[in-house]
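Below you'll find the structure, written out as structure tokens, and then a few comments.
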Amino acid sequence: MDPETFEAVDRFIGETVASDDEALVAAVEAAAAAGLPEIQVSPPQGKLLHLLARSIGARRILEFGTLGGYSTIWLARALPPGGKLLSLEAKDSYAEVARASIERAGLGDLVEVRAGPALETLVALEDEGVEPFDFVFIDADKVNTPNYFAWSLNHVRPGALIVADNVVRGGSLADENSDDVSAEAQRRLHDLLAAEPRVEATTIQTVGSKGHDGFTLALIDG
Ligand code: SAH
Ligand code: DHB
Ligand code: MG
């Protein structure tokens, strides 16, 4: 278990198959310059999100947690012309930084970033009669991951894919004695998934530039 090796492998992957282009590099730089935390998905993870969304032919994508728009750009690039990505971000200032980077990436027409706590935005979306999504990426406040999942389950099309980031967090997922509320929420997510007949799910733990963590993949029955 050597973090330097994990990072070197992520760098290798990033220099070969999953490289950031100019717009992605610019998005990371703009976020850092504006003082945003550097917690975006890694390039291999961003590429994975892109490939997953493309594999299912996603036309409508919902994202929880925009930060500086790095994962947003990877995901929006999977959309066909006329597709749509809605990304929810609690902080106004982060949303502003993200919008500029998304615009610079030429994706302004496909992407809407809505500022405000996601649970409140979900109520507004409900009132607006929002159309169902076919790909959801949950990556905001971890304690609400099960709530975002439950809402998403009722607002996706059959065959949709829901991905949740940061569910393993250094192994706290499997530590029943941990009183970390975020970890507890990830265990609740897994209980929910196991009991939900409309869903087939798995969780993959990962190592890399983001340490030991992992993501959950849930396919909604078609
Ligand atoms: N998906 C991004 C990283 C998101 S980091 C990427 O990989 O590029 C988590 C983000 O969720 C932060 O920007 C944080 O401000 C936001 N967030 C935290 N609580 C939130 C909430 N209640 N509603 C919406 N966004 C929230
Ligand atoms: C944090 C959030 C993330 O989405 C992530 O991938 C890593 C860390 C955080 O809030 O610390
Ligand atoms: Mg994350």
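Ligands are counted one by one from 1 in listed order, and the atoms in each one are counted from 1 as well. In what follows, every heavy atom counts, from backbone to side chain, and hydrogens, waters and symmetry copies are set aside.
- Ring geometry for Phe133 against Trp151 counts as tilted: the plane angle lies between 30° and 60°, on a 0 to 90° scale.
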Give every pair formed by an N or O atom of ligand 2 and a protein N or O atom closer than 3.5 Å, one pair per line with both atom names and the distance to 0.1 Å, or write none.
unit_1   : atom_1 : unit_2 : atom_2 : d
ligand 2 : 4 (O)  : Asp139 : OD1    : 2.7
ligand 2 : 4 (O)  : Lys142 : NZ     : 3.0
ligand 2 : 4 (O)  : Asn166 : OD1    : 2.8
ligand 2 : 6 (O)  : Ile39  : O      : 3.4
ligand 2 : 6 (O)  : Asp165 : OD2    : 3.2
ligand 2 : 6 (O)  : Asn166 : OD1    : 3.0
ligand 2 : 6 (O)  : Asn166 : ND2    : 2.8
ligand 2 : 6 (O)  : Lys210 : NZ     : 2.4

Just list the side-chain donor-acceptor pairs under 3.5 Å for residues 28-41, sequence neighbours left out, or say none.
none

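- For a heavy-atom separation below 4.0 Å, the residues in contact with ligand 1 are Ile39, Gln40, Val41, Glu63, Gly65, Thr66, Leu67, Tyr70, Ser71, Leu88, Glu89, Ala90, Tyr94, Gly116, Pro117, Ala118, Phe137, Asp139, Ala140, Asp141, Tyr148.
- A 4.5 Å side-chain heavy-atom check between Ile162 and Phe135 finds every atom pair outside the cut-off.
- By the 4.0 Å N-to-carboxylate-O rule, Lys84 lies close enough to Glu112 to be salt-bridged with it.
- The existence of a salt bridge linking Arg198 and Asp221 is excluded, since no basic side-chain nitrogen approaches an acidic carboxylate oxygen closer than 4.0 Å.
- The residues Glu15 and Arg11 are annotated as not salt-bridged, no charged nitrogen and carboxylate oxygen being separated by less than 4.0 angstrom.
- The Mg ion (ligand 3) has Asp139 OD1, Asp165 OD2, Asn166 OD1 as protein N, O or S atoms under 2.8 Å away.
- A salt bridge is absent between Lys142 and Asp180; no separation between the charged side-chain nitrogens and carboxylate oxygens falls under 4.0 Å.
- Ion pairing of Asp213 with Arg169 is present here, as a side-chain N (NZ or NE/NH1/NH2) and a carboxylate O approach within less than 4.0 Å.
- With no hydrogens or angles considered, a side-chain donor-acceptor pair links Thr5 and Asp2 at under 3.5 Å.
- Residues Ser71 and Glu63 bring a donor and an acceptor atom of their side chains to less than 3.5 Å of each other.
- Looking at Val143 and Val181, their side chains come closer than 4.5 Å, going by heavy atoms from C-beta outward.
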